[in-house]
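Notes for the one structure printed next.
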Amino acid sequence: MAAAQSDRELIIQPTQGWRFLDWREFWAYRDLLSLLIWRDISSRYKQTILGPVWFIVQPIMTTIVFTVVFGRMAKISTDGVPPMLFYLNGLLAWGYFAQNFTSTSATLTNNISLFGKVYFPRLIVPISGILSNLVPFLIQLATFAVFYLWFKAQGLGGSFGLTMSAWLLPLTILQVAAISLGVGLWVAALTTRFRDFTILAGFVLQLWLYATPVIYPLTRVPAKWRLLVALNPMTMPTENLRQMLLGVGSGSWKLETISIVVSVFTLITGVLAFQRIEKNFVDVL
Amino acid sequence: MSAPVIEVEHISKVYRLGSIGVTTLREGFSNWWDGVRGRAPAVDHKEFWAVRDISFSVQPGEVVGVIGRNGAGKSTLLKILSRITEPTSGRARIRGRVASLLEVGTGFHPDLTGRQNVFLNGAILGMTQAEVRRKFDEIVAFSEVGQFIDTPVKRYSSGMYVRLAFAVAAHLEPEILIVDEVLAVGDAQFQDKCMGKMESVARSEGRTVLFVSHNIGAIARFCRRGLLLNQGRVVVDGPIDAAIDGYLQMSGVAQDGMIELPAKNRIENSALTLRRMLINDGEPLGHRRPLKIKLNFTIHRPTKAGFDLGFGSVDGRRIVTLESDYEPTYFDFTAPGDYAVELSLPIFDLLPGRYRVDICAFDGVRKELHFVFDSASVDVMPSSATPPHIHGTVGDWRPVSNWRLCSA
């Protein structure tokens with residue numbers, strides 16, 4: 001159906017078995033991908049009065065709540081880092097994950113009218129969402145940088161600081177994108193069959209936050225449980241960002257490998273599940 | 001003959017009523033558990049064949065009208081061919097780029113300007129940015145939105161919105177265009193313009209078009225070949241006239257003058273249901289002969305009611321309407337029950353030919369109670385009173401008129 005397919009014969013027949021991605025077709029629709037990213041970003045700015053300011057306010061408010069509740073009241077260790085900075089950092093990967101999770105899992109239900117009228121590779125929509133969510137992530141990262149510099153200027157530094165591994169940050173973000181796309185697509189596929197998942201998804205996201213070392217460092221997790229915690233694919237990216245930007249945190253190649261394997265597995269199965277549901281979902285919603 | 005651009009081989013699509021669909025986890029689990037224990041699931045697996053064993057092929061440059069009553073499978077067929085949904089079995093080969101216009105304005109974003117939406121919509125419909133840029137001025141000119149192109153489309157009037165949306169779609173350059181009812185939008189003038197554009201796309205640019213519409217007039221004007229579907233199957237595949245004839249016959253040609261009226265278009269919970277219509281006590285309708293129509297209906301609760309009966313041409317134009325609320329105004333029904341009204345004309349002046357009949361019942365404030373569009377097609381026969389020179393070019397309605405010499 002795309003421009004690039006004009007010389008190609010298209011065969012329409014029932015899909016046998018599972019189907020991954022048609023890369024060629026995806027490439028033919030690259031213009032649509034860039035336009036959707038740009039639509040997401042510009043329409044989000046236009047919707048609210050504060051616009052992009054929300055992307056700064058939200059993590060700061062959450063950080064303040066965490067600082068008061070977990071830092072002051074529960075006195076959970078922050079590995080010697082000022083709690084404020086610790087939580088701002090912890091929320092970087094998690095914030096991006098949560099945004100992607102929400103936008104991806106709503107893909108099919110939010111676009112039913114579009115999908116019911118015209119064909120294009122459906123995966124373009126969740127992927128454009130994940131790419132456009134990079135904007136709020138970068139704003140959040142900049143906010144973190146401002147606070148980081150401020151704490152440093154106050155002379156509160158010393159025990160923490162940026163490390164050389166910070167250049168690996170894009171790889172960590174890529175991993176977070178893969179996990180959130182995978183999980184989000186699973187939820188999207190399941191909600192078309194079972195309505196429960198719309199409710200369940202929000203609940204799971206809440207619990208998941210506490211299963212991830214966002215408000216506590218991985219060092220606080222007993223060593224015998226760390227393998228289990230690393231099965232949560234979000235654990236290592238969160239801990240890695242802490243290592244990269246603050247120089248605190250723990251990890252091992254073993255945990256890292258588990259985390260990456262789980263992430264890739266989530267992504268691949270998520271895409272397969274989504275593709276399987278997608279071909280006929282307009283009939284059921 | 002060159003290779004067909006569309007080859008459809010034994011395409012079927014079945015919906016399993018009651019089993020597919022959004023359910024709750026609990027139902028899903030109990031179905032699964034029943035399966036595990038070797039029991040038939042509690043849910044009733046009714047099957048519905050939306051499209052059943054359809055085969056046809058289309059040559060390059062052909063303009064094919066797909067017609068049929070509601071639920072005949074037209075939309076499902078087009079959805080399969082535009083890859084919105086998959087067939088259950090069978091296969092279709094498509095050679096060339098396809099664009100489907102199943103609804104104009106798909107994917108328009110209210111917060112974006114007209115210009116931004118043109119690019120976005122173009123991309124959704126499968127155009128590249130370069131193509132849209134090349135055609136941009138033409139699209140804006142066609143849409144007549146002029147200086148508002150940089151205004152967010154949420155501030156557009158609905159007419160402007162539709163015009164811009166159609167303009168984008170009309171300037172796609174696919175080899176195969178699939179169109180479903182898009183012309184049901186906009187004012188008459190713009191509809192004409194759209195039809196003109198579609199005709200030129202098909203005729204001069206030699207593109208293949210599959211066109212679905214309930215507007216038989218548009219179909220007759222636009223297509224040379226027709227595909228008539230009924231209950232998911234192709235019943236006529238041939239010249240458009242043959243398909244339209246078949247369609248009109250299907251919508252209930254007066255067999256012995258008695259026409260059962262379907263209840264499905266009745267306004268929900270309305271006070272009246274039309275039942276059936278008897279034309280001329282079963283005698284054929286004759287030109288310049290008396291006309292008598294008896295209309296049976298059921299009254300569900302007290303209401304005032306009026307009726308009108310319209311005769312239209314086969315291509316969808318309304319020719320004449322006979323209304324009951326001119327004289328003696330409305331009928332007043334005070335008790336539920338079965339009733340009938342009779343309409344008579346001393347001389348019926350519609351020229352010999354085939355006509356469609358639409359019937360409407362409405363209440364005391366002229367709110368619709370039950371409207372049956374295309375209830376039947378009737379043939380008006382020539383009679384001894386029909387002048388020999390009469391043919392199609394002299395209009396449809398020729399009432400008796402008085403002519404005399406008078407003083408100059």
Side-chain angles (χ1 to χ4, degrees), chain A residues 1-16 19 25 28-36 38-40 42-47 108-109 111 113-122 124-125 190-200 278-285, chain B residues 8-9 11 13 15 20-29 50 76 79-107 109-112 116-117 119-120 122-132 152 173-175 180:
Chain A
M1 305 250 159
Q5 288 181 341
S6 55
D7 51 347
R8 194 165 95 168
E9 182 179 289
L10 173 73
I11 295 185
I12 296 168
Q13 57 190 353
T15 308
Q16 306 295 330
R19 177 170 57 109
E25 181 185 53
Y29 276 92
R30 61 192 180 280
D31 279 353
L32 178 59
L33 178 63
S34 58
L35 275 167
L36 283 179
W38 170 85
R39 176 192 78 169
D40 283 352
S42 59
S43 63
R44 212 176 330 183
Y45 276 57
K46 283 171 186 165
Q47 271 162 13
L108 292 176
T109 35
N111 292 283
S113 63
L114 182 57
F115 288 173
K117 298 291 188 282
V118 58
Y119 175 82
F120 54 85
R122 304 321 194 195
I124 283 192
V125 173
L190 289 169
T191 43
T192 62
R193 291 305 302 274
F194 304 109
R195 240 178 259 117
D196 311 50
F197 275 89
T198 37
I199 303 158
L200 207 59
E278 171 266 304
K279 63 184 184 187
N280 278 326
F281 100 100
V282 292
D283 303 338
V284 299
L285 269 191
Chain B
V8 175
E9 296 161 3
I11 287 265
K13 171 95 186 171
Y15 291 102
I20 291 192
V22 186
T23 58
T24 61
L25 269 179
R26 209 176 66 113
E27 284 170 44
F29 182 78
T76 305
K79 276 188 173 163
I80 291 171
L81 292 181
S82 36
R83 288 210 287 165
I84 288 161
T85 185
E86 275 194 352
T88 310
S89 65
R91 183 157 75 157
R93 289 163 190 273
I94 292 180
R95 298 184 185 88
R97 181 177 165 189
V98 180
S100 47
L101 262 64
L102 299 195
E103 192 174 281
V104 290
T106 303
H109 195 290
D111 286 321
L112 302 183
Q116 293 164 336
N117 268 310
F119 279 92
L120 182 63
I124 287 174
L125 293 172
M127 282 196 265
T128 64
Q129 294 295 85
E131 268 180 278
V132 181
E173 288 183 331
E175 279 96 29
D180 190 0

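Throughout, protein chains are lettered first and strands after them, A, B, ... in sequence-line order, and every chain is numbered starting at 1. Every heavy atom of this structure was used, including side-chain atoms; hydrogens, water molecules and symmetry mates were not.
- Of all non-hydrogen atoms in B:Arg91 and A:Gln13, the two that sit nearest each other are CD-OE1, 3.0 Å.
- Looking at every heavy atom in both residues, A:Trp38 comes nearest to B:Leu112 through CZ3-CD1, 4.3 Å.
- Considering all non-hydrogen atoms of both residues, B:Ile84 and A:Phe115 come closest at CG2-O, 3.5 Å.
- Between B:Gly90 and A:Pro14, the shortest heavy-atom contact is O-CD, 3.4 Å.
- The shortest non-hydrogen separation linking A:Ile12 to B:Ile94 is CD1-CD1, 3.7 Å.
- For B:Thr85, the parts lying under 4.5 angstrom from a heavy atom of chain A are both the backbone and the side chain.
- Atom-to-atom distance recorded for A:Asp40:CG and B:His109:NE2 is 7.5 Å, nearest 0.5 angstrom.
- For A:Arg30, no part lies under 4.5 angstrom from a heavy atom of chain B.
- In this structure, A:Asp31 contributes its side chain and B:Gln129 its backbone to a donor-acceptor pair below 3.5 Å.
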